[in-house]
Amino acid sequence: MSIQITFPDGNVKSFDAPVTGLAIAQGISPGLAKKAAVIKVNGELWDLTRPIDRDASIAIVTRDKPEALEVIRHDAAHVLAQAVQELFPGTQITFGPATEVGFYYDFAREMPFTDADLETIEAKMREIVKRDLPITREVWDHDAAVRHFEAAGETYKAEWIREGIKVDEELTIYKQGPDWLDMCLGPHLPSTGKLGSAFKLIRVGGVYWRGDANNAQLQRIYGVAFATDDELKAYLKQVEEAEKRDHRKLAKQLDLFHQQEEAPGMVFWHPKGWAIWQAVEQYVRGVYRKSGYQEVRGPQIMDVSLWKKSGHWDNYQDNMFFTESEKRTYAVKPMNCPGHVQIYNAGLHSYRDLPIRYAEFGGCHRNEPSGALHGIMRVRAFTQDDGHIFCTAAQVEAEVTAFHRQAMQVYADFGFTDLSIKIALRPEKRLGTDDVWDRAEEALRAALRSAGVEWTELPGEGAFYGPKIEYHLKDSIGRAWQVGTMQVDFMMPERLGAEYVDEASQRQHPVMLHRAIVGSMERFIGILIEHHAGALPFWLSPVQAVVAPIVSDADGYATEVCELLKDAGLRADTDLRNEKINYKIREHAMHKIPVIIVVGRKEAEEKTVTLRYRGVEVQETVALADVVARLKALG
RNA sequence: GCCGGGAUAGCUCAGUCGGUAGAGCGACUGAUUCGUAAUCAGUAGGUCGCAGGUUCGAUUCCUGUUCCCGGCACCA
């Protein structure tokens, strides 16, 4: 029997018997064999040691390729698992995949791992790498695998094979050395030695078996892994830098806001933080006006009867705060929509009036689980740039399209271009007919399509009343947060009795679109802080300029300059402290003030100012008469 | 909410194998008026998160609790 192997360059070589990727690589050059991680066989990644027994086109994948990196990380997970089982007998293995930057493995063990264990485990991993155990692939019978894992006390693994793997599916076992094995799809490196040294365990954490909070809790160990030590080093450096951008840290340094025990999940905005808020709010208010919204304001608490009608009592009660007075129970609003419907319902509407667009900087309280709270990104009291559009079914697509364009412009104005867009589709538990859902989902797709953007779809993650578009931004350490959203709602208007009179004098329920661009003011400002590392653009900076005199003789002039800026609507301060100019510059530079205006005797005499821009070494001296225009040009 | 870790001066942190705490920065006072990233000297400042327990004695050990951090679950 002879097989034909086709190489990436089109060359064909024939072999008399099944041949492994490693042998092919060695045939080309020992150097290639050394660098090889896996082999691509007819487009599929295979182990280098797996015999190729039929004609195939192949490509050796060296360890510097992205596809190899995933294998390296996956291998690291398995070496981690072996290390843990060698160190802590009786610990059960479950799953251990590669992740975006590394890997993790979930273990079942009575005693949770501690940070101190990580060091020990990592050392054991390095030892296993040094042993250079061969990694071999075997195909096992389904029953045999179940029997093996049950006999070994590996109940999670056995359960997964029984329930998660079909009997006729190919079941592969990977052995590391003679004694240790795990069930795995592969592929893997030829031996543990190939893993190299560019990995590091970073944290432990509890997780639920199969991601279900009703199940047992497992212990997850996270690690990072790269092809080379330099890449690992660069990654760790990057993480260190990212941590400096943490909005919680910067808020303290820049005196923006604080949070305290008596108000968990809520924010005390300090003057500088609130100045940012005001800048964002004024900007968004302008967007409301330009895009046809009327700003309204609903009450903060309303009788529970209203929330029973809206469906929140049944579906959202756990997340709501309640309060009582004179034998009536009120709910603190977790959303603004029911309030807006009351405003809509206060008058009679004709189809000619639609679409009607209401907007509100709506303060909401949601009783979020304590473990979900995170700085100002996830809070219990927040303000949405909320809006509700009441329109006909025919108007939905145009409204969604217009919203999307506007939203993208807003993100760009704040400096964000890297957004991910998702459409959350019908969930299993839902209201309305399939036909209505088809139309609603298609309307969202059509709107995004016409805007020429890419999106991913999340089946089953829509709201019970309708599908939604979600706009996500990432924080400094890569966690994605939803900011904007556009939701199509066919249910709420009916439940709360919203109507309009159509062309035939018939009363109809309008469609309601729930939409937000920045989402939560708190979260958005948090992301802004991290995205700009605290150095906010001029128009958002809480203090845009500080006027710093060099000698006290110039104090009067400095005050005059500052007043001029304030009169022009700029946020400016003076620094008249008895300190050297070096000291003042250092301090304001660290506070990330966009412009430091230095005035000495010379400036006072000549009626000029010397401008020092954030992050720029050179200064420029301009006439006092020009300074406002110069600053305003900064945006 | 679940698992783990943490909480010491305004901030960043050190420390006490149980004998009630210390640095730097900041603040305050005084001197200094010095042209582009820290002038010098002095002073004040702490229920060691909160509540119990063990102990002659607890900031330290134990239990509970609150909040924070990481992970998971949750996130209309």
Side-chain angles (χ1 to χ4, degrees), chain A residues 104 106 109 111-117 202-222 246 248-249 252-253 255 258-265 310-312 314-316 318-320 334-338 364 366-375 377-380 382 424 427 429-430 461-468 470 477 479 481-482 485 487 489 491-492 514 519-520 523 548-555 577-591 596-603 610-612 616-619 621:
Chain A
Y104 65 78
D106 294 344
R109 179 177 184 240
M111 270 255 294
F113 298 106
T114 65
D115 286 338
D117 291 331
I202 52 170
R203 65 174 66 99
V204 292
V207 297
Y208 299 107
W209 169 236
R210 299 212 206 179
D212 186 335
N214 298 312
N215 287 345
Q217 190 138 27
L218 306 174
Q219 305 299 323
R220 178 171 297 177
I221 297 179
Y222 284 93
D246 190 313
R248 295 163 299 189
K249 198 172 261 190
K252 245 183 222 170
Q253 281 165 21
D255 193 18
H258 85 271
Q259 297 175 280
Q260 67 186 47
E261 258 191 12
E262 291 81 355
S310 70
H312 287 83
D314 290 331
N315 292 295
Y316 207 68
D318 288 351
N319 284 295
M320 291 165 71
M335 297 180 203
N336 307 300
C337 30
C364 295
R366 295 181 188 177
N367 197 2
E368 303 285 358
S370 55
L373 303 180
H374 181 86
M377 302 291 208
R378 185 84 181 270
V379 286
R380 290 197 174 127
F382 58 99
K429 244 184 77 182
R430 61 179 182 268
E461 296 203 7
F464 66 91
Y465 54 72
K468 53 176 183 162
E470 298 177 358
I477 52 176
R479 287 184 281 213
W481 299 91
Q482 186 191 306
T485 185
Q487 305 168 10
D489 178 2
M491 303 315 302
M492 192 84 72
H514 307 239
S520 135
R523 175 179 292 180
I550 293 168
V551 290
S552 52
D553 286 356
D555 284 2
R577 293 175 303 172
N578 178 11
E579 295 289 352
K580 287 178 147 183
I581 194 63
N582 286 350
Y583 182 91
K584 295 181 183 180
I585 285 173
R586 177 179 150 83
E587 184 164 298
H588 298 121
M590 287 197 310
H591 282 104
I596 301 171
I597 302 179
V598 177
V599 293
R601 288 200 185 92
K602 189 162 152 255
E603 283 84 356
T610 299
L611 303 177
R612 186 189 165 107
V616 182
E617 286 297 319
V618 293
Q619 310 102 48
T621 300

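What's counted below: heavy atoms across the whole structure, side chains too, no hydrogens, waters or symmetry copies. Proteins get letters first, then strands, A, B, ... in listed order; numbering begins at 1 in each.
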So, using salt bridge (Lys or Arg N to Asp or Glu O under 4.0 Å) as the criterion, who are the partners of [X] when residues are at least two apart?
X	answer
A:Asp246	A:Arg248
A:Asp553	A:Arg601
A:Asp106	A:Arg220

State the CG-CD distance between A:Leu373 and A:Gln259, to the nearest 0.5 angstrom.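 Reported value, rounded in 0.5 Å steps: 8.5 Å.
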How long is the straight-line distance from NE2 of A:His312 back to CE of A:Met320, given to the nearest 0.5 Å?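 The NE2 atom of A:His312 is 6.5 Å from CE of A:Met320, to the nearest 0.5 Å.
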Using the side chain to side chain donor-acceptor pair (under 3.5 Å) criterion, which residues pair with A:Asp255? Sequence neighbours excluded.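 So A:Asp255 forms a side chain to side chain donor-acceptor pair (under 3.5 Å) with A:His270.
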According to side chain to side chain donor-acceptor pair (under 3.5 Å), who are the partners of A:Gln487, at least two apart in sequence or on a separate chain?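 Counting only residues at least two positions away or on another chain, A:Gln487 forms a side chain to side chain donor-acceptor pair (under 3.5 Å) with A:Tyr465, A:Thr485.
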Taking side-chain contact (heavy atoms from CB on, under 4.5 Å) as the definition, give me every residue that meets it alongside [X], ordered by chain and number, with sequence neighbours left out.
X	result
A:Arg203	A:Tyr222
A:Pro112	A:Gln219
A:Ser370	A:Arg380

In whole Å, I'd like the distance from the [atom1] atom of [X] to the [atom2] atom of [N].
X	N	atom1	atom2	value
A:Asp117	B:G70	CG	P	21 Å
A:His258	B:G49	NE2	P	18 Å
A:Arg220	B:A73	CZ	C1'	11 Å
A:Gln487	B:C75	CD	P	13 Å
A:Asp106	B:A73	CG	C1'	13 Å
A:Gln253	B:C25	CD	P	17 Å
A:Asn214	B:C74	CG	C1'	12 Å
A:Leu373	B:C2	CG	P	14 Å

Expressed in whole Å, how much space separates the [atom1] atoms belonging to [N] and [M]?
N	M	atom1	result
B:U59	B:C17	C1'	15 Å
B:G10	B:C3	P	33 Å
B:U12	B:A51	P	23 Å

Hey, does the side chain of [X] come within less than 4.0 Å of [N]'s phosphate (OP1/OP2), counting only N and O?
X	N	answer
A:Arg523	B:C75	no
A:Arg248	B:G70	yes
A:His374	B:C75	no

Sugar-phosphate only, base, or nothing, as touched by [X] at under 4.0 Å among non-hydrogen atoms:
X	answer
A:Gly211	sugar-phosphate
A:Gln260	nothing
A:Gly519	nothing
A:Arg430	nothing
A:Glu368	nothing

Record whether the side chain of A:Arg109 comes under 3.5 Å of the base of B:C3 through a donor-acceptor pair of N or O atoms.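 Flag unset: no donor-acceptor pair detected.
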Could one point to a donor on the side chain of A:Tyr208 or the base of B:G71 with an acceptor on the other under 3.5 Å away?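 Flag unset: no donor-acceptor pair detected.
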Under the ring-ring contact (aromatic ring centres under 6.0 Å, His included) test, which residues partner A:Tyr208, sequence neighbours left out?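 Testing A:Tyr208 for ring-ring contact (aromatic ring centres under 6.0 Å, His included), a comparison that skips the adjacent residues, returns none.
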For a side-chain hydrogen bond (donor to acceptor under 3.5 Å, both in side chains) check, start with the C-alpha distance between A:Glu603 and A:Thr610, then their side-chain angles and the critical distance, and finish with the verdict. CA-CA 8 Å; A:Glu603 283 84 356; A:Thr610 299; 2.5 Å; yes
Which dot-bracket string fits RNA chain B when only Watson-Crick or G-U wobble pairs with both atom distances under 3.5 Å count, crossing pairs get [ ], and | stands for a partner on a different strand? (((((((..((((.....[..)))).(((((.......))))).....(((((..]....))))))))))))....
Listed pairs, N/O of protein and of nucleotides 4-14 of chain B, under 3.5 Å:
{"from": "B:U12", "atom 1": "OP1", "to": "A:Lys252", "atom 2": "NZ", "distance (Å)": "3.1"}

If a protein heavy atom is under 4.0 Å from the base, mark B; if only from the sugar-phosphate, S; if neither, -; do that for nucleotides 33-48 of chain B going 5' to 3'. BBBBBBB---------
Between B:A73, B:C2, B:C67, which nucleotide gets closest to the side-chain atoms of A:Pro264? B:C67
Sorted by position of nearest nucleotide on RNA chain B, 5' first, the leading residue of A:Arg378 and A:Glu262 is A:Glu262
Using modelled atom types and a 3.5 Å cut-off, is there a donor and acceptor pairing between side-chain atoms of A:Arg523 and backbone atoms of A:Met377?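 Side chain of A:Arg523 to backbone of A:Met377: a pair is present.
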